[in-house]
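Predicted model, so just to flag it, every value in this text is computed and none were measured. Letters A, B, ... are given to chains in the order of the sequence lines, protein chains preceding strands, and every chain is numbered from 1.
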Amino acid sequence: MRKTPRRRTCGTMAVHHRLLEQDPGFRARQMALEHATMRRMAAGAARVGVTTIPVVVHVVYNTASENISKAQIDSQIAVLNRDYRATNPDKSKVPSVWKGFVANVRVQFVLATKDPNGKPTTGVTRTKTARKSFSDDNGVKFAARGGIAGWPSTRYLNIWVCSLGSDLLGYAQFPGGPKKTDGVVILNTAFGTKGTATKPFNLGRSATHEIGHWLNLRHIWGDTEDCSGSDFVADTPNAAGPNFGKPKFPHVSCSNGPNGDMFMNYMDYVDDDSMCMFTTQQVTRMQAALDGARSQIGT
Amino acid sequence: MNVKDLSGHWMHSHEEDRDDELVFRPASHQFPRARGRTGFELRPNGTLIEHGIGPTDQRTQTPGRWRLDGDTLKLGGQTMKVVSVAPDRLVLRKS
Ligand SMILES: [Zn+2]
């Protein structure tokens, strides 16, 4: 169990260097959101049943193979709808000590059927770009930088799918950030389970992970290189740093034996076939985001 | 070993780690794709850029200082032992 998160809140916020530079109000809003999150987590979720979130997938391609198929996109939506309802069959891999922690997020995702103007849509946009690949600087979200603008983030979850530089499978934005960059970006070869999806990131878990951030989840290791960080979630063991590849249970760090790191959590850094769960408290935190900064989205 | 041997842009080849030994390769190395990869640029003048993973997976760069005392490497706030260094491979041990 973690030390009380309240003390760590402000220090951890300091890591949003880029947003802080571009948007001086971000830090204050983020701290206010964290305090509101704690109140909402204590109060319990206001949304009942399953929340349905309209999704728009923006495919930004340079080569024909990067213009991924509708089948590949559908395979990603199917993964999200298993992972966010805890109906993924591989949750059987969760060690017995944590089986009782596996939780249903009560969120489902559908490709949008109406565009921002109310016209029928497939929920997919396709944009040819001159750029061979994008970085983590949000460029893919702006037409002037070779990408495409998102749809209104109060109504849609924007997912940009493109080529990214090495050692980047995707990135996200927490609730409460700038509207124009709200959403997640996923590497095209780490998107879905078909077409160009490539091992070991071919089971759609990069999007599961990034949408976890979009719903305000932190990394399981608390974003520090030692044991001082927290993910503000009480039922995930404190861990020293990210786990990679396909770890063997148990992997002990931060005096968290005998069970060790919960590396099979979607918010660690393991391969797609090694992550398979959110916890009850992570779900409480995501539902708090849906009741708070993301209260306008979904039905 | 000296400051010149260690100077350069090293990225963590975490796939090659064994127990408490951490393996680093030059940034130009052909790494397999990973969800993230950390590293550091050690400059001969004692300044340092740490390459980290941000809380929403965007990369971070944090300036700092480094120092070598014998085989003890002080890297920002961390202290490590240099196990071996070659142009294509640096091995550190947490201490
Ligand atoms: Zn992440």
Worksheet item: Checking heavy atoms, do the side chain of A:Phe244, its backbone, both or neither come under 4.5 Å from chain B?
Response: side chain
Worksheet entry | Contact class of A:Val270 relative to chain B, heavy atoms under 4.5 angstrom | backbone
Worksheet item: Which word best sums up how the rings of A:His219 and A:Trp221 line up, parallel for under 30°, tilted for 30 to 60°, or perpendicular for over 60°?
Response: parallel
Discussion item. I'd like to know if A:Arg294 pairs up with A:Asp182 as an ion pair, taking the criterion as any Lys NZ or Arg NE/NH1/NH2 lying under 4.0 Å from an Asp or Glu carboxylate oxygen.
Written reply: yes
Worksheet entry | Under 4.5 Å from any heavy atom of chain B - which part of A:Asp268 | backbone
Discussion item. Given heavy-atom pairs under 4.5 angstrom as the criterion, report whether the side chain, backbone, both or neither of A:Asp271 touches chain B.
Written reply: backbone
Worksheet, complete the sentence: Whatever's closer than 4.5 Å to a heavy atom in chain B on A:Ser206 counts as both
Worksheet item: Strictly under 6.0 Å, is that where the ring centroids of A:His251 and A:Phe263 end up?
Response: no
Practice prompt. Start with the C-alpha distance between A:Tyr171 and A:His213, add both sets of side-chain angles, then the distance that settles ring-ring contact (aromatic ring centres under 6.0 Å, His included), and finish with yes or no.
Written response: CA-CA 9 Å; A:Tyr171 61 97; A:His213 289 312; over 10 Å; no
Worksheet item: Can you tell me if A:Arg285 uses its side chain to pair, donor with acceptor, with the backbone of A:Asn216 under 3.5 Å?
Response: yes
